[in-house]
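So the structure is just underneath, and the comments pick up after that.
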Amino acid sequence: MRSPVLRLFALLLLLVVVPARAGAEEHSSRPSVGLVLSGGGARGAAHAGVLEVLEELRIPIDYIAGTSMGAVVGGFYACGMSPWEIEIILRAIDWDDVFDDSPPRRHLPFRRKMVDQVGLFDFELGLGPRGFKLPAGLVAGQKLSYILEALTLRSAGAANFDELPIPFRAVATDIDTGERVVMSKGSLAEAMRASMATPGALTPVDRSGKTLVDGGLVCNLPVDLVQSMGADVIIAVDMSPQSGASRETASAATILSQSLRLLMGQNSQQQRELLGPADVLVVPDVGDMNSADFRAVPSVIEAGEEGARLAIDELARLSVSEEDYETFLERQRRSTAQLLGPAVVERIRISGASRVDPRAIAGVIRTEVGTPLRLDVLRNDLDRIYELGDFEHVSFRPAAGGSTRTLVIDVKEKSWGPHFIRAGFSSGADFQGKSDFTALISFLTTRVNPHGGEWRTELRFGAENGISTEFYQPLDFSGLFFVSPRIGFNQRRFEVFTDGSFDEEYNVAVLQGGVDAGIQLRNHGEIRGGVFLGRRTATARRGGVADTSAVGGYSASVTIDKLDSLGFPRSGTFVSLGGRSFSRDFGSDVSYDRVTISTCTAVSRGDHALAAVVRGGTSLGSAPPVYEQFELGGLLSLSGYERGQFLGSYYAFGELIYHYRILRLPRPLGTGIYAGVSLEAGNVWEDAGDVGVDGLLYAGSVFIGADTFLGPLYFGLGLTEHGDSSGYISLGMSVVRN
């Protein structure tokens, strides 16, 4: 038997089909049957099990109305799916992934990957004339919307929901007025998505000038709606969350959850009272299951089937003959004879873009005009558009007219943009008493001009203090070539370890400006080079010699970044090769070079992962000042030694890091909790002739860590080959360093 995932993929490949004959067949010999499917989050998967029993009993459905998950299951059935297909879909969907709109890191634009190395939190605020602006929900529903759109393509030709094989209605709530909104036309996928937009969790849907959220707030079991559609007999399936007292510790989340349960329970009870003696109420028993527990979907479907069988005597009265039921199935199902065949895309239209130039969006679309529509290609197109970082939602819809087929890409730009603010901090401490803390605030303005120019300014406070600003300007809509002028001031503390202690300390302040030009290597990396000028002041706070000098020169770098994470990588590769040459030809008072290389390759199997890291640097025979030398020491950088204990004009370092994922975290909190070990070797040298394997130092570590929305968090214990040890706490540390 084919796997559920393969079955879901096969369903996604269904193309636009001609709507089957609308409306219900004549009911002169039987009462018309209306099906009411309630909301209930993951509990609503029980509706698929109920539908299986209804088909087993040969009960034809003439009208359907649903709320939230009931609207999803009801919409699927109304547009022609079988209960078996619906069950396969619900079982095959990776619900944890569906409710995580964050694109995989390896797919992000390279500019956004660079932010990972800075240490910013994985959350952004908008900044406008009236202050801060927040996103409308934790999850935009991007992946969920695509699934609904792809699976309801067969209904695209229906002008309204009465033209579906089974007339259908979905219920939502107008968040501005608190009124019930009945959706009977337009995009079926959008109606389903609006009906399940849980406030605060999924972003609202703007539809027909209204802002819509979950219909369960006002009508979780729309019995009266199906009655008004013309149904003689109602089958109501109520999966409303239990509204009993919560045993959980009171918190903002549990109070909100309990409030929603109370609202849904009360309005569902009001609708239940509208049921008559001939109507059937089905209430599958799923206990006190959490509405957000989508991992329980398979067992919930079975509970739906069991619940329907408990009402089998009442339901059986609505059964029809095999011949009559076959007539119903001919109307409800989509036969292969109804397929139009591959739909040829004759035009692509982008709708909803204002700040983002449509030509920039078109540049990442791979669907070709004049070719059959391929859902796998289209899915990747939508992902690439969303990954640009400018949109809170990207969707598609076919717009057929006459002999042409237009594919419409609808984009909704971030309502809290285009000015964004993000905060972050990094900190580290070892058991020798050395610690530091740096806070960071980043201001970003995107889409300054049609080619996608952006202006980023960063402020740092703590162990490092400074301000820097950069204007990044692509030279065309593809973003292939760019220029980037920048200027910044940075001040940091620098200590020198000699004779067993840190006996020199400097304050190093640098004011520097420059301009780079380069090439973007799609999302994977960049090549850049440029010139810089500035002034550096090193103030000796303890020991050492003060110095003030002009600096200037040129720089070049090549970076490829395909890692899935910088803190706990499980797959991908990172390679960075860079060099800076301080030259008197550019006005520098000192002349020296710095060339660095940093690589990381990670592989994984299940919850096990192994990363290989290699780093090195050379001064090419020059003599850089002490505060420009290479450093080693600290966790995952010769663990067991003090941070920054080793300084030299040359260095080499390599390590193997193994980590095991102990626990997956909910996506808003991070990705997981890990335990791991490292084996490390490396050293620094002052002269090129001393560089060699014989001089390597060996170390290792054991650690517990977490990949969180605040950044990578490590608690580690390092051990040197000489038996020395040191403990570490670190937040914001990356295994990739230069």
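What you see is a predicted model, and the numbers here were worked out from it, not measured in a lab.
- Judged purely by atom type and a 3.5 angstrom limit, R384 uses its side chain to pair as donor or acceptor with the backbone of V364.
- In this structure, P204 and L212 have side chains that are not in contact, with every pair of non-hydrogen atoms separated by 4.5 Å or more.
- Residues satisfying the ring pair (Phe, Tyr, Trp, His ring centres under 6.0 Å) test with Y325, not counting sequence neighbours, are F328.
- In this structure, the side chains of M239 and H47 come closer than 4.5 Å at one or more pairs of heavy atoms.
- Of all the heavy atoms in Y77 and P83, the pair that sits closest is CE1-CD, 3.8 Å.
- Between P284 and V50, the shortest heavy-atom distance links the atoms CG-CG2, 4.3 Å.
- Checking side-chain atoms of S195 against main-chain N and O of M192 turns up no donor-acceptor pair under 3.5 Å.
- Contact check for Y146 versus F396: side-chain heavy atoms found under the 4.5 Å cut-off.
- One finds the CD atom of E322 at 12.0 Å from the OG1 atom of T327 (value rounded to the nearest 0.5 Å).
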Original post:
Going through the distances and angles, do I385 and I365 end up as a side-chain contact (heavy atoms from CB on, under 4.5 Å)?
Top reply: CA-CA 8 Å; I385 296 170; I365 295 176; 4.0 Å; yes

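- Once rounded to the nearest 0.5 Å, the distance linking CG of L378 with CG of L153 reads 8.5 Å.
- A donor-acceptor pair under 3.5 Å is absent between the side-chain atoms of K210 and the main chain of T173, judged by distance alone.
- Side-chain atoms of D214 and S68 include a donor-acceptor pair closer than 3.5 Å.
- Applying the salt bridge (charged side-chain N to carboxylate O under 4.0 Å, His left out) rule to pairs touching residues 387-398 yields D390-R447, E392-K412, R397-D410, sequence neighbours excluded.
- Distance check, rounded to the nearest 0.5 Å: CG of L274 to CG of L225 gives 11.5 Å.
- A donor-acceptor pair is defined here as one N or O able to donate and one able to accept, closer than 3.5 Å; no such pair exists between the side chain of D97 and the backbone of D94.
- Here D224 pairs with R180 in a salt bridge; the nearest charged N to carboxylate O distance falls below 4.0 Å.
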Original post:
Between L35 and L54, does a side-chain contact (heavy atoms from CB on, under 4.5 Å) hold up when you go through it step by step?
Top reply: CA-CA 10 Å; L35 179 63; L54 296 184; 4.1 Å; yes

**OP:** Let me see the working for D238 and R43 under salt bridge (Lys or Arg N to Asp or Glu O under 4.0 Å), right down to the final yes or no.
**Re:** CA-CA 10 Å; D238 192 0; R43 302 162 64 94; over 6 Å; no

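- Salt bridge status for R193 with E149: absent, with no side-chain N to carboxylate O gap under 4.0 Å.
- The backbone N or O of C79 sits nowhere less than 3.5 Å from a side-chain atom of S155 that would complete a donor-acceptor pair.
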May I have the list of side-chain donor-acceptor pairs in residues 293-301 shorter than 3.5 Å, sequence neighbours left out?
residue : atom : partner : partner atom : Å
R295    : NE   : D96     : OD2          : 3.1
R295    : NH2  : D96     : OD2          : 2.9
S299    : OG   : A296    : O            : 2.8

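- In this structure, the side chain of R207 does not engage the main chain of E190 through any donor-acceptor pair within 3.5 Å.
- Smallest separation of non-hydrogen atoms from A48 and L90: CB-CD1, 4.0 Å.
- A donor-acceptor pair under 3.5 Å is formed between the side chain of E413 and the backbone N or O of R355.
- Within the model, atoms CG of L148 and CG of L188 stand 8.5 Å from one another, a figure rounded to the nearest 0.5 Å.
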Original post:
Can you check side-chain contact (heavy atoms from CB on, under 4.5 Å) on V73 and L51, steps first, answer last?
Top reply: CA-CA 9 Å; V73 175; L51 284 172; 3.8 Å; yes

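- Contact check for L373 versus V344: no side-chain heavy atoms found under the 4.5 Å cut-off.
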Can you list, pair by pair, the side-chain donor-acceptor contacts under 3.5 Å of residues 308-318, counting residues two or more places apart and other chains?
residue : atom : partner : partner atom : Å
R309    : NH1  : E56     : OE2          : 3.0
R309    : NH2  : E56     : OE1          : 2.7
R309    : NH2  : E305    : OE2          : 3.1

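- Shown here are the side chain to side chain donor-acceptor pair (under 3.5 Å) partners of S187, two or more places apart in sequence or in another chain: there are none.
- Between the side chain of S82 and the backbone N or O of E85 there is at least one donor-acceptor pair closer than 3.5 Å.
- Checked for salt-bridge contact, E55 and R333 meet the test: a charged N lies under 4.0 Å from a carboxylate O.
- For the pair M196/V72, a side-chain contact is recorded, criterion being any heavy-atom separation below 4.5 Å from C-beta on.
- Considering every non-hydrogen atom in both G186 and F161, the closest pair reads O-CE2, 3.4 Å.
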Subject >> Stepwise side-chain hydrogen bond (donor to acceptor under 3.5 Å, both in side chains) test for S184 and N160 >> reply: CA-CA 6 Å; S184 61; N160 60 68; over 6 Å; no

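- With T371 contributing its side chain and T367 its backbone, the two residues share no donor-acceptor pair below 3.5 Å.
- Between R379 and D383, at least one side-chain nitrogen of the basic residue sits less than 4.0 Å from a carboxylate oxygen of the acidic one, meeting the salt-bridge criterion.
- No option in V171, T67, L221, V237 other than L221 meets the side chain to side chain contact (heavy atoms under 4.5 Å, CB included) test with S38.
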**OP:** In sequence, state the C-alpha distance, the side-chain angles, and the governing distance for I409 and L382, and then conclude on side-chain contact (heavy atoms from CB on, under 4.5 Å).
**Re:** CA-CA 8 Å; I409 305 293; L382 300 184; 4.0 Å; yes

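- Note that the CZ atom of F709 and the CG atom of L665 stand 10.5 Å from one another [nearest 0.5 Å].
- Put simply, the side chain of L281 does not reach to within 4.5 Å of the side chain of D279, judged on heavy atoms.
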**OP:** Kindly determine whether H393 and T203 satisfy side-chain hydrogen bond (donor to acceptor under 3.5 Å, both in side chains), including the steps that lead there.
**Re:** CA-CA 9 Å; H393 188 258; T203 55; over 6 Å; no

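- Each of V394, D381, V356, I348 was compared with I361 under the side chain to side chain contact (heavy atoms under 4.5 Å, CB included) criterion, and only V356 meets it.
- Within the 4.5 Å cutoff, the side chain of S240 has no heavy atoms near those of the Q269 side chain.
- Atoms CZ and CE, on F76 and M81 in that order, are 5.0 Å from each other to the nearest 0.5 Å.
- Taking a cutoff of 4.0 Å between a charged side-chain nitrogen and a carboxylate oxygen, D62 and R331 qualify as a salt bridge.
- In this structure, D232 contributes its side chain and P31 its backbone to no donor-acceptor pair below 3.5 Å.
- For residues 171-201, the set of pairs meeting the ring-ring contact (aromatic ring centres under 6.0 Å, His included) definition, not counting sequence neighbours, is empty.
- Across all non-hydrogen atoms, the minimal contact from D101 to Q142 is OD1-N, 3.0 Å.
- At least one side-chain heavy atom of P222 sits under 4.5 Å from a side-chain heavy atom of V36.
- Nearest heavy-atom pair, V411 versus A353, reported as atom, atom and distance to 0.1 Å: CG2-N, 3.6 Å.
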